[in-house]
Structure formats: C-alpha cells, structure tokens
Amino acid sequence: MDYHHRAIEQKWQKFWADNHTFRVANISDKPKYYVLDMFPYPSGAGLHVGHPLGYIASDIFSRYKRLKGFNVLHPMGYDSFGLPAEQYAIQTGQHPAITTEANIKRYREQLDNIGFSFDWEREVRTSDPSFYKWTQWIFMQLFNAWYNKATDKAEPIVTLIAHFASHGSHGLNAVSDDDTLAFTATEWASFSEAQQQRELLKYRLAYLRESTVNWCAALGTVLANDEVINGVSERGGYPVEQKKMMQWSMRITAYAERLLRGLEIIDWPDPLVEMQRNWIGKSVGASVRFGVPVLGDGQYIEVFTTRVDTIYGVNALVLAPEHELVETLTTAAQKAQVEAYITQTKKKSELDRMADVKAVSGAFTGSYAVHPLTGKDVPIWIADYVLAGYGTGAVMAVPSGDQRDYLFSVHFGLPIIPISDAQQLDGQADPTKEGRYINSDIINGLTYHEAVQALVAKLESIGAGKATINYRMRDAIFGRQRYWGEPVPVYFRGELPQLIEVDELPLLLPEVDKYLPTETGEPPLGRAKDWKYRGTFEFELSTMPGWAGSSWYWYRYMDALNAGEFASKEAISYWRDVDLYIGGSEHATGHLLYSRFWNKFLKDMGYVPEEEPFKKLINQGMIQGRSNFVYRVLDEQGRGTNTFVSYGLKDQYHTVALHVDVNIVSNDVLDLEKFREFRPDFADAEFILENGKYICGHEVEKMSKSKYNVVNPDDIIEQYGADTLRMYEMFLGPLEQSKPWNTNGIEGVYKFLRKFWKLFHNAEGDFAVSDEAPSKAEWKALHKIIRKVEEDIERFSFNTSVSSFMICVNELTDLKCNKRAILQDLCIVLHPYAPHITEELWAMLGNAPGTLSYATYPAFNPEYLVESEFSYPISVNGKTRMNLTLPLDMEQLDVEQTVLTNEDIQRYLEGKPVKKVIFVKGRIVNVVV
RNA sequence: GCCUAGGUGGUGGAACUGGUAGACACGCAGGACUUAAAAUCCUGUUCGCCCUAAAGCGAGUGCGGGUUCGAUUCCCGCCCUAGGUACCA
C-alpha cells in the first residue's frame, strides 16, 4: 500500500475529534504544562500559510510534552471583536456578529485540516457574552480599586474610603490624578456623595479623565498611540487630529516599576524585553521649581531633569508651546511673536515636526523666572522641541550639557556657560559626567555623584525640588467610539459614572440601525433604542478597546465553561501561568504590556497566583510572500502585446513586469496552460521561452491578494498533506526568523515521509515489520534521533530536527531496517511533527488506535552511541590535510608519535621542525611547525 | 540618530561551549529503469586553477584589522539589510 496522505489524515482527524483525544482535565497526577498561542482575529480572508507557523511550533511542543508525561493545556480561541468586521458592517449593513461567526467557521475548518491537538472544548471568543461578561467584570474590579504605594499594590476602593473616613487625605501614599484635594476626616464626612465620588474617581485604576486623544474623523474613533503612524491612522491612512475628550483610562503607570522589575524574572527574547523597557522609559532625576514672580507670590514652574548637577548652567526655561502658563507669561511686547509661533507650530503636522528635527525654532515670552539657587533671572521661552506630554512640559535649558539646548542657545544668542572642567565645547554640547564642577557655587570642585547628592539635599531643604523618577509610559486610554467591542458596564448619574450590579452582567451589546456615529457625533451605541440603565440613566456609549479581551483570555481557557467565575480557584491554582507563549513580536508593547498589567492587578486582588503571566515567550518570524512575475513585451508605442518573455531573456526586449499567481508557478517555471486560463486577456498569450521553459522573476513582498502571492494551506494539504505542511513550515528555517514562503523544496519533505512509510513496507508495498533484534547500527541511528529531537525541541530549533529525521530515515533505508523495536520508537519521536502518518503506522504496528498521543517518549541510551574510534582531522598549521582513524582512548603522546611518523603527514611537514602538537581528544590534531 | 537582530553556495539553511565550513533539502547536470512520461533510484554539484582521469594547488562565511596552534563562532572599526523607536529633558 502506498502512502495516501489524504485518507490517513482525514481518518485520524475524525478519530481525534470523535474520541476527544485532546480533552484535558484540570486535575492530574502529571505535572502541568501550559502552551499558549496568540489567538487570531478571524478575518474574512482566511488563513494563509504564514498564519499557522507559530501554531505548528506550539503544537509540536505540546505533543512532545504529552509524550514526556506532562498534562498539557493547549487551547485555541478567537480575538473576535475588531475593526474589520465593523467596517464590513458599515458597508453592507450586516451585523458584525454574523460575519464574525462565518469567519470563525472558516478558520476552524482550516485549523482542523492541519491536525492540531487543541482542546476545542475550551475554545473562547472575546465577542461572546459568556466571555465578555468577565472582561466587564474585571473592568468593574479595576474601577473599584486604587493603588496604594505604601503596600505597593492595588487595593479595593473600600480601604481608601476607610482611610479618608479616619484620616482624611493625610498620610496617604497613592497613585492618583494631579488635582487631588487635601482634606481632613471631618471634611470628608461633610462632603456630599457626589463630591466624594468625584474625589474617588481621581484614584480609581479605571477612571474617567479629559484626555487629549488621537481623533480620527474618517474612522469616527479615537486611536491608541500605536494605531497612529506618522500622523495618520495605521488602518486606512486617514488624518488624525488631537482632540480633548472625556475618556476611560487605565492607570497602568501605577505599575510602571513592577512592570520593569518583572522583566528580569521572565524568559523572553532580549529585543522584546528591551522594547518594553524603552516603552516604559524610566528616568531617574529631580524635579526643580523655578519661582515666577509675575505669576504671584510662591508661584513657580516645575521642570524635570535627569541632570540636576548641571543646574548652574541654566540659561533659560523652555516650555512646550501648549503649556498652560504660556498665555499668562507672555508680555504685551512679545505677544505678537509668541502667538505667531504657536500658530506656526500648530499648523505643522506631526510629520513635518518629525522631518524638521534639526530646525531650531522658538519664541521669548518676555517673562523671567528666578533661579532657585543663584536667585538670578532666567528668561522663559517656548519651543516645540519641548513636548507637552512628557515630564512637566517644561525644561531647564543647559546648553553646555545638552545638544538641543545648545543649538537652541546658539540660534537665539543665549549665553553658554561651561560647568565642568572636563567639558569640551567645540561647537557642540558635552554631557560628560567626568571632571569637577566649575562656575557652580556650592558644588564647585565636586564629582558628579557628590554634586547630585548635595544639590538634591539643598533643593529639598529650601523646598525648591526633590529627587523624582519619571516614566515615558502614559496611562492607557480604554475606550473606542465604536460598535463592535465590549460595552462598558457603567451608567451615569449626572456627571458621575456608576457601575451596574454584578448580577446584571453581561451588559449585552445592543442592536443598532447603523454602525456609524449618531448625527450629534455620539458613538454608534447612541443609536440603540431605549438603551438606558433601569430605563432612566444613560449608559456609557463608548466600548472597550481591542486589547481588553486579550488582556486576560489565557485564564478563561483554564475553565472556559464556568458560569460563576472567570475561572475557578482550583483551575487557576492548578494551571497558574503560561509556561510557553508563542506569537508575533508586533504585540511587544501593546498586548504583552497590557496583559502583564492586568495580571499584576488580578494578583493584587488575590484572584491569580503569579506576578507574571507568561514565563517563557518565543516570537515566531513573519512569513512573507514571494511574488512571481511574467514579463510582457511592449511594442514601439509602449503598448502591451500578448507576448511574454522568459526572465533570462527579458533584457533583450522592452517589457513590463506583471504579478502572476504563484500557485500556477512551480520552481519559478510557469505553467503555460494555467497561465492562459489565469486571465481572459491572456487566453491567446504567446511565449518566448528559454530551454523550453518560461522562467518567472521573483521578489519578496508582503503576502497579499493583490500581489497574487497568497498560498492557502488547504491547497498544500490537498496536494501534499498536513504532515508535509507541518514539517515543511518548520524546515523553512529558524522559527524566530522572518522568511519568505516558497513552495520550492516542499517535495523534499514529502519524499521524506514516503521514505519513512516505505520502511514499514516491503518491495511489493505490503506492511512488513520484523521482530528480529536490531543491529548495532540500527540502534545507533534510533538513539541519535532520540537525543537530537529532544535537544532541538527544548531549544525550539525545529528546523534542525527535520533535517535530522531525514538523515535518520536515510540511514535506516540504507540499512534496510524494518525492525519493530526501531520503527515503533521512531514513530513516537516523529509523532509531534507528523502526527497523522505516525498514528496510522502505530496502529498498523498493532497498538491500540489513538494511544500514540499519550505514549512515552523513548529514553535515550548513550551506550548505543559509544564509539571506540574516531577519524581525526589532522591539520598542519591550522590547515586540514587529511583524516586519520585512531582509537578514542589513545592519549596525547601516542597520538603525536602515530601522527608524526605517518608518511603522508611527513610530506606536509616538509622536514620543518615540529614546534608543538595540539591534541583535543575526539576532536582534532593540529601540528604546528 | 538611538535600540535590537542579522549578513554563509544558484536557493532555504546547518555547523550546539573556538576544533574537518557548506549537514539536510531544493534546484541544476549526467545516468539507470520505461515505448514514452510521471514516479523511483544512482552519481556529481562553494569558487578558481591544473588535468583525459586520478590526484593536487589556491581562495573562501558582508569589508578591514586583532587575539589564538586553530575564528562563521571572541575583540575593535566600518558597510549593508530587516524590525522597533522618534527631539523623553
């Protein structure tokens, strides 16, 4: 019998489904192992061969872990809220739930084709009310919590209320808005309910605040910073403007330090850790207050600096043009100039501002601040190199130590004062921390560390500053003016947001007549009829952002059907955290940061046990498209003819390159018949061939329909089978590396599986396995692969395993091995990679069908690999000259003698005196002359 | 600019802690089987020189240096590619 992949694969996929082979229990004697994939957004286009790359790797790993005796949780689901379904709904009027359902069905079919070992009984969909009920529930927990810096964790809001009731705001160390009130316990008691609520909102981890948001009028929505690229929306490329708006936000900044600390205990790729570190952007420095007499007594401008030691070099304060004090500070004489400058910067788009980094601009306000240490006047300027959103939106300019300040000062003729004897100011600033300070009053002669200490102490003692830590990361906006997302479980009593009752969850997404903003500019939910809480109060009309559901979904898999909790305590305490998470690096600062934040919060509230949710993380590379081109010959007027010239001859003609469907090209050779059917206008195409073939050109591009380079896994599976697809995707190269998909080469993997199949069959094609004892060489081939695959999988080097399987099967074929003892173990070792063919052969070997998934991975026995001899490469002066087989237990002196007296070696020595012989046992002999 | 990863045959890639560079596979060339094709199998395939052949010689892992008996691997400088980031005080 030949290897018929289609029949075998369908048979086993059905078997696994019918027998619930991959159903996994939350109780087990085995150690647990949780393998998670980043779940997909089910788009209308379906899967292409790039999508399953990570899933195949995680499936191999899961199947391997099962064979190694672990209880493996390996679930899959859908991140099914999202823009494309809504965009489609806007265009067609079809409810996004319907398109989403259809897309999920298609995804499921495609996934099932590949033979994954997911426990589908745990499937989650973020858009399903039984799931988003708990997303809303977590939101409510966040609303009902504050961050206590004293205990360094989030606490229920009741503990804050208790503190206010007994101590007022005194002694509180909390993360909050800037405008909190100071009050006593008695004053708190005297506050109205509304006043109290207003104050509490300044502390809640989910809170409302007026934020400047990226408003995209064309999309009718607010975008996150990472959705705005170069001033236009990532999706669609529409213009984005800054707009003030009441927005739900998440106080992720409360967790900045813990998010940073956690990076040290997790096993993630360095670039990803680095990206998160930069995103959080911690700077240690000081805040310094510069008094501003014109604003009134005791009024000041606060700046943040990482170089407080340079404070005596300050020649100006520079504010962001958007700074709130600019208008007040501008004197009548400077008014025209300042206003002109502000108009000019406002006009500049984000893009211009970035392109213009080197152009210095700014304006003098006419006012002066007072240097807190010298008492001297410091002019106050505005300039757009100072960003309103970072620090305090104001900087102290130190031209000798900061290049931007230097350029600014040179441009506007401000004095440049050197502050260190080590500074070299030849046309640029010198930020050195070496040397001793000069022109710096109380720190003259001190070193950097001494100076910082002395200055912070001094500033603190006069109330003009303190040591401060600043983060680049901002609180995350948690709202979208869109329809297809989780409703926020909040209604309004006047201006004040109130939570609905827990037993009223889920707050279902209401029906609307259109998926567009209302005429008055309200989000689509404003269109819902009679959508009021208890018939009276307005619901929140924005929905949650895309990252809400994905910030906790891995817990739902642990107990996906639980109606009473997001997951039971027992399930969570058994599975705890994700042992291996595989996904793309594009989620580095979005999903992976928000998930860590929610996880820490859930831990603070006692719902989950681990500080970090994803112990180990692997980024799979992107699979790019590999486009093929044909070259249409142009006539003298530059018009296209119906003649196409092969790649190698195209330079002899005037041609234009056209994309051609990669599915009608094989090894860059065009299928002429299929090409004529490809487009009606190609029906009578003629070809100029080379060597009888039409060779196509190629280029690496994004995989997309318009480039005709999309390869559907279903087509590959139809032709070669899922086992071939799985192994070929791995064979393509290291998992982490991005690479173009190229179907060339898949034949090699397909041939391998047929060769493997043939080991179990005789020349007539009948199943024929021998019970004889294997030879030494056969044992050796087996145990080499047992060890190799184990090592490779543990370091996620799947491509090298595939090569080793090929070597092993080549060896066994050469040995004509059909011994049961060898082939049965080989089935187990290969099973994670090629589950269908191995299940089939396993059953043919007489094992109970379907038991292979839970077989025991064979133990490696080093005795089979022990060698008594080794063929040493003999090199002279580092250049390999020949090989010499010597016993492995031969020691240096004997080796030297054998080698040096060898006739062939003598030739290379040319009679020169031997200086030294390097001998590394089992490796090499190097003669130095 | 900064951060990170990477540059190896015609192609994808291998070489794990400094020890035979190019495993494995594709492609290509030649051959066997076949009426023929497909499938299968065998041989060769880094480049250059020499040669009927056998054998031999030289160069070679982006470029230039260094350490070492020995470097794709470690160090210094540079070039290029991809991803991230954008005046962060």
Side-chain angles (χ1 to χ4, degrees), chain A residues 2 230 269-275 277-279 281-283 285 303-307 310 318 320 350 353-354 356-360 383-387 389-398 401-405 407-408 470-473 585-586 588-589 619 621-622 624 626 667-669 691 698 700 728 731-734 736-749 751-752 754-755 758 788 791-792 795 797 799-808 810 871-883 915-920 922-929:
Chain A
D2 285 341
N230 294 341
D270 291 341
L272 209 146
V273 168
E274 199 55 29
M275 268 191 247
R277 200 168 275 141
N278 292 340
W279 189 263
K282 179 179 180 175
S283 326
V303 301
F304 174 74
T305 176
T306 54
R307 291 297 302 273
T310 64
V318 187
E350 249 343 85
R353 235 165 122 158
M354 269 170 18
D356 246 23
V357 164
K358 283 183 187 100
V360 179
D384 65 3
Y385 79 87
V386 179
L387 307 177
Y390 183 76
T392 59
V395 304
M396 56 181 219
V398 183
D402 182 286
Q403 187 61 19
R404 288 156 311 175
D405 296 341
L407 292 173
F408 186 78
N470 206 21
Y471 298 94
R472 192 188 82 111
M473 182 172 65
S585 60
E586 65 271 23
T589 49
N619 286 133
M622 259 214 305
Q624 296 141 311
R626 184 180 187 275
N667 285 320
D668 292 336
V669 177
N691 303 326
H698 61 89
V700 173
Y728 185 59
F731 188 57
L732 231 36
E736 302 90 328
Q737 228 166 70
S738 283
K739 57 233 157 189
W741 175 269
N742 186 349
T743 311
N744 301 356
I746 196 166
E747 289 282 350
V749 172
K751 268 187 218 163
F752 156 76
R754 275 182 302 184
K755 260 179 144 173
K758 273 193 191 164
K788 176 71 174 156
E791 283 172 359
D792 284 351
R795 61 189 174 103
S797 174
N799 55 325
T800 50
S801 288
V802 178
S803 302
S804 304
F805 278 125
M806 290 173 173
I807 293 169
C808 176
N810 287 346
S871 171
Y872 281 95
I874 313 295
S875 47
V876 177
N877 283 344
K879 195 165 278 292
T880 308
R881 291 303 182 177
M882 59 175 296
N883 279 36
K915 259 199 224 157
K916 189 155 63 153
V917 177
I918 310 280
F919 171 66
V920 184
R923 287 261 189 218
I924 201 169
V925 180
N926 187 13
V927 183
V928 186
V929 296

- Query: Going through the checks in order, is the side chain to side chain contact (heavy atoms under 4.5 Å, CB included) test met by A:Thr800 and A:Glu791?
  - Reply: CA-CA 10 Å; A:Thr800 50; A:Glu791 283 172 359; over 6 Å; no
Within the structure, does a side-chain N or O atom of A:Ser875 lie under 4.0 Å from either OP1 or OP2 of B:rC69?
no
If pairing means Watson-Crick or G-U wobble with both distances under 3.5 Å, then the partner of B:rC87 is none
Dump the intermediate steps for side chain to side chain contact (heavy atoms under 4.5 Å, CB included) on A:Val749 and A:Met806, then the final yes or no.
CA-CA 8 Å; A:Val749 172; A:Met806 290 173 173; 3.9 Å; yes
inquiry  = Is A:Asn278 close enough to B:rG84 that one of its side-chain N or O atoms is under 4.0 Å from OP1 or OP2 there?
reply    = no
Heavy-atom nearest nucleotide on RNA chain B taken for A:Met396 and for A:Lys788; more 5' hit belongs to A:Lys788
When rounded to whole Å, the CE to P distance for the pair A:Met275 and B:rA86 reads 12 Å
message: Does any part of the side chain of A:Tyr728, heavy atoms only, come nearer than 4.5 Å to the side chain of A:Phe752, both counted from C-beta?
response: no
Atom CD of A:Glu736 and atom P of B:rG83 are separated, to the nearest Å, by 18 Å
Checking N1-N3 plus N6-O4 or O6-N4 for Watson-Crick, or N1-O2 and O6-N3 for wobble, each under 3.5 Å, the partner of B:rA36 is none
pair_partner(B:rA29), Watson-Crick or wobble, both distances < 3.5 Å, evaluates to B:rU43
Can you tell me if A:Gln737 touches the phosphate of B:rG13, counting only side-chain N or O atoms and a distance under 4.0 Å to OP1 or OP2? yes
Judged by whether its glycosidic angle lies within 90° of 0, B:rG64 is anti
Of B:rU40, B:rG12, B:rA15, the nucleotide closest to the side chain of A:Thr800 is B:rA15
*Report which part of the nucleic acid A:Glu586 touches: base, sugar-phosphate, or nothing (heavy-atom distance under 4.0 Å, all strands).*
nothing
Mate of B:rG70 across any strand shown (Watson-Crick or G-U wobble, both atom pairs under 3.5 Å) is none
Does A:Asn470 reach a base, just sugar-phosphate, or nothing at all? Heavy atoms under 4.0 Å. nothing
message: With hydrogens left out and only the distance checked, is there a donor-acceptor pair under 3.5 Å joining A:Asn744's side chain and the base of B:rC26?
response: no
Quick one: is B:rA39 close enough that its OP1 or OP2 comes under 4.0 Å of any side-chain N or O from A:Lys751?
no
Answer with base, sugar-phosphate or nothing: what part of the nucleic acid does A:Pro740 contact at a heavy-atom distance below 4.0 Å?
nothing
Checking N1-N3 plus N6-O4 or O6-N4 for Watson-Crick, or N1-O2 and O6-N3 for wobble, each under 3.5 Å, the partner of B:rG9 is none
When rounded to whole Å, the CG to P distance for the pair A:Asn799 and B:rA23 reads 15 Å
Between CH2 of A:Trp279 and C1' of B:rA86 the distance, given in whole Å, is 11 Å
Side-chain contact check for A:Phe731: nearest option of B:rA89, B:rA25, B:rC16 is B:rA25
query = Taking everything shown except A:Arg923 itself, do over 12 heavy atoms lie less than 6.0 Å from its CZ?
reply = no
Pairing partner of B:rA82, by Watson-Crick or G-U wobble and under 3.5 Å for both distances, is B:rU4
Residue-phosphate contact under 4.0 Å: A:Asn810 side-chain N/O, B:rA25 OP1/OP2: yes
Of the candidates B:rC16, B:rA15, B:rU85, the side chain of A:Arg472 sits closest to B:rU85
Atom CZ of A:Arg626 and atom P of B:rG13 are separated, to the nearest Å, by 12 Å
Report task. Pick base, sugar-phosphate or nothing for A:Val395, based on heavy-atom distances below 4.0 Å to the nucleic acid. Result -> base
Interatomic distance, CG@A:Asp2 vs NZ@A:Lys758, rounded to 0.5 Å, equals 8.0 Å
Note: for A:Ile918 and A:Val749 on RNA chain B, the residue whose nearest nucleotide lies more 5' is A:Val749
**Report entry** Side-chain donor/acceptor of A:Ser875 to backbone N/O of A:Val925, under 3.5 Å
**Finding:** yes
Base, sugar-phosphate, or nothing for A:Arg277, non-hydrogen atoms under 4.0 angstrom?
-> nothing
- prompt: So, is A:Arg404 near the phosphate of B:rA89, with a side-chain N or O under 4.0 Å from OP1 or OP2?
  reply: no
Mate of B:rG60 across any strand shown (Watson-Crick or G-U wobble, both atom pairs under 3.5 Å) is none
